[in-house]
There are 2 protein chains.
Amino acid sequence: MTIELISVGDELLAGRIVNTNAAFISQQLAEEGWEVLRETTLPDDLSTLKKGFEEVCGRSPIVIVTGGLGPTCDDHTRAAAAAFYGCGLVFDNKVAEDLTRRYGPDLTSLRDQATRPERAEPLLNAVGTAPGLLFSKKDSALILLPGVPQEMRPMLTNQVIPYLKAHFQQKKKRFVETLHLCAITESEIDTFLRGKAEQVQIGLYPGYGMVNLVLASTDLAALKKIKEEVERAFTTHLFSAPSGKLEEALLHFFVKNKKRLAVAESCTGGSLAAVLTRIPGASDYFLGSIVAYSNELKMAQLRVSADVLEKKGAVSAEIGAEMLRGLFQVTTADVGVAVTGIAGPSGGSAEKPVGTVWVAIGERDTPPHVVRYQITGSREKIIDATCTRALSQLWRKLVYGVNP
Amino acid sequence: MTIELISVGDELLAGRIVNTNAAFISQQLAEEGWEVLRETTLPDDLSTLKKGFEEVCGRSPIVIVTGGLGPTCDDHTRAAAAAFYGCGLVFDNKVAEDLTRRYGPDLTSLRDQATRPERAEPLLNAVGTAPGLLFSKKDSALILLPGVPQEMRPMLTNQVIPYLKAHFQQKKKRFVETLHLCAITESEIDTFLRGKAEQVQIGLYPGYGMVNLVLASTDLAALKKIKEEVERAFTTHLFSAPSGKLEEALLHFFVKNKKRLAVAESCTGGSLAAVLTRIPGASDYFLGSIVAYSNELKMAQLRVSADVLEKKGAVSAEIGAEMLRGLFQVTTADVGVAVTGIAGPSGGSAEKPVGTVWVAIGERDTPPHVVRYQITGSREKIIDATCTRALSQLWRKLVYGVNP
């Protein structure tokens, strides 16, 4: 059963926005065991869209289209689909009632947004005004969704995927397991799994020392066996969080254990705190960060000694440890993380090249662990990878007692 | 002259990575006045790629392909292009010399990476091992680039765009002007420009109260006239930076004026400092941030009064002003920014709903300006938009003496 995606929008082809919808839909479908064979981005042009539908629907039985369903003059996806199926447009009372209930009776786009091709069923949109449209046949489907990601995503998850599962499910049920791992590379897991998993389909979604591993199979026993092997081999790398984000797992750990965290940052310049505070509820355990970007703030706010700064330099194991000690002095945190390094592109030396980073982690009144990392790449990558390394080091120390 | 893009990679179709290359290439081409008509993502499969090249090159004279040029067994783009042109493969000494110079004589992938289709010219890759390939004819071109963005981007900018300009330039020279504006919406500029700019092509690239406006025309006088009208109408919104980022303009302003900045953050949780420190050289003016996410840190680090916290709440104009005053007490900064607000999704009330934000900005020993913003959307959006508002407010106050 082949699936193709069509993304509609001049703003995509002009590069004004990045197409995140295609990746989201592909990943959701992959987790259910469907494969996307091709993605095509088309402009907001009626005849190009109609010809595009002919071409793509002629090749693939399931086609998911995003974008161009709004009420403005440059939205043509609905009309193109109606023209492709040679059907007229009708007013849909169910959609009109839903829009009136959510937006009141004065929504100017109501008549437009509640008008649908006769052959399509509407898919209600809980977030915005444009309903999705489903053209369903026995062996094929053309599914139109709005282009705004916040609107499209729940419609895909709650309506489209259940529809596809009900109508196009493989004969054998597919089982899926997802594992989240930190302080590890894709290739370490890939090497471990090679040759072991013939009945199991493997998806590896890496990012700076984090990997989401998706295992899928129709053979439940084979799936469980592989999953357990991975869990056994990489125990101290595992974490669990609905979002797949380590900072969410950390939040739950800290809240559950009634511990509070503070951090002291130099080279990450606030990014470590930013990552932690993007998760709702961070204020339940996170006291804050001293972003001591300058030596002035390192001395004044974190009580780092001018002498050590002079002798060892701001980027050194000693300063990492002093920043952490100071953090415990000026806050009541139970656990602390301090980071100092050279994000570049300038400021490196032979002894301490760009990408040299020290991460000091400790609990109050216990000796800290100070680890040196050497990270390659751009300034952005060094900052982001430092945050990931620091959070992984924190997680593995707290949860598994592992120090790298 | 129509251009199409092909993105190659199973990792794109499985949703493991988001396709940022297509947007980048489209935007760069748009700034030179070329339009991308269609983008197609294809899997790493030799025969699918060959058929894809036939289809796309049959339709569009200029085709730019990214991905699948590496040395591993799942890279098929080179072989597919050779098959499409019906030509053999040859060893390229120029590429081999370049790779040897950069990686030494023991690069295991040297023989593979220096092998190219006979009909193609190599495009040297300054960052990675895979050279690009250019199949050039009088009226058409097929251009293959690596998929890694850090490798592809400089090759596009430094080699492909100059090649396209030299061979496929429109008969009339096109002039391009870019303006960066802050504290403004796309629709304000759109409304202003409507009907005014018939000879001028307009690109608006918005983001949370920032807009990059790209004006292009073959009529230089018309272009200059429109540019001056925009500059006159929106003077106090203008900034200038090679990256198009306000934080870069701020860095240059601070360095030039020998002033130093510190910030105090609550709801942005480190993101404001993170934005500022992503720009290389931020340490030349940025002292740091006190991320006082908890009341404890607001009191201990920023000397905020417990009494005011109790009476007015942490999210209030008074606490914004106190955070700023404290920031000047604990640092030697010349200029300060303090931010407090409710990022949500919980914590809002009727009086202070989620998205209520106060931004206090001032120079040392002068009265601060404290502004309330009401931002709608997700926690992520509220955090990001607060950073943008705060930086815009700072820029307009310092450079134009404007207080919102």
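The analysis underlying the following values was restricted to heavy atoms, covering all of them including side chains, and did not include hydrogens, waters or symmetry mates. A, B, ... follow the sequence lines: proteins, then strands. Residue 1 opens every chain.
Note: L13(B) leads V18(B), V36(B), T40(B), L13(B) in heavy-atom pairs under 4.5 Å with chain A. Ranked by heavy-atom pairs shorter than 4.5 Å toward chain B, the options S283(A), S266(A), G52(A) are led by S283(A). Ranked by heavy-atom pairs under 4.5 Å with chain A, the first of G288(B), S7(B), P43(B), P280(B) is P280(B). Interface remark: of the candidates E11(A), Q27(A), E4(A), Q27(A) forms the most heavy-atom pairs closer than 4.5 Å to chain B. The greatest number of non-hydrogen atom pairs below 4.5 Å with chain B, out of L37(A), L12(A), D45(A), T20(A), is found for L37(A). In terms of non-hydrogen atom pairs under 4.5 Å with chain A, the most contact-rich of I290(B), T332(B), L272(B) is T332(B). By number of non-hydrogen pairs under 4.5 angstrom with chain B, the leading residue of V275(A), T48(A), V330(A) is V330(A).
At distances below 3.5 Å, not a single donor-acceptor pair connects side-chain atoms of E296(B) with backbone N or O atoms of L287(A). No donor-acceptor pair closer than 3.5 Å links the side chain of E265(B) to the backbone N or O of S289(B). Proximity of a side-chain donor or acceptor of Q28(A) to a complementary backbone N or O of L156(A) within less than 3.5 Å is not detected. At least one donor-acceptor pair closer than 3.5 Å links the side chain of K381(B) to the backbone N or O of T376(B). No donor-acceptor pair closer than 3.5 Å links the side chain of S271(A) to the backbone N or O of A274(B). Remark: the backbone N or O of S243(A) is paired with a side-chain donor or acceptor of E248(A) at under 3.5 angstrom. Judged by distance alone, with hydrogens and angles left aside, the side-chain atoms of N21(A) form a donor-acceptor pair with the main-chain N or O of G147(A) at under 3.5 Å.
Counted within 6.0 Å of CD on E35(B), heavy atoms from surrounding residues, nucleotides or ligands total 12 or fewer; the atom is thus considered open.
Of the atoms belonging to E186(B), not a single heavy atom falls under 4.5 Å from chain A. The contact between R379(B) and chain A is made entirely by side chain atoms (from C-beta outward), counting heavy-atom distances below 4.5 Å. I17(B) touches chain A through its backbone: at least one of N, CA, C or O sits under 4.5 Å from a heavy atom, while the side chain does not. Using a 4.5 Å cut-off between heavy atoms, L302(A) makes no contact with chain B at all. Interface residue T268(B): only backbone heavy atoms are found under 4.5 Å from chain A. For A30(B), the part lying near chain A is the side chain, with the backbone staying farther off; criterion is any non-hydrogen pair under 4.5 Å. Contact annotation for I382(B): neither backbone nor side-chain heavy atoms come within less than 4.5 Å of a heavy atom of chain A. At a 4.5 Å heavy-atom cutoff, the contact between A282(A) and chain B is made by backbone and side-chain atoms alike. Neither the backbone nor the side chain of I6(B) comes within less than 4.5 Å of any heavy atom of chain A. At a 4.5 Å heavy-atom cutoff, A22(B) makes no contact with chain A through either its backbone or its side chain. Looking at L297(A), the atoms closer than 4.5 Å to chain B (heavy atoms on both sides) all sit in the side chain, from C-beta outward.
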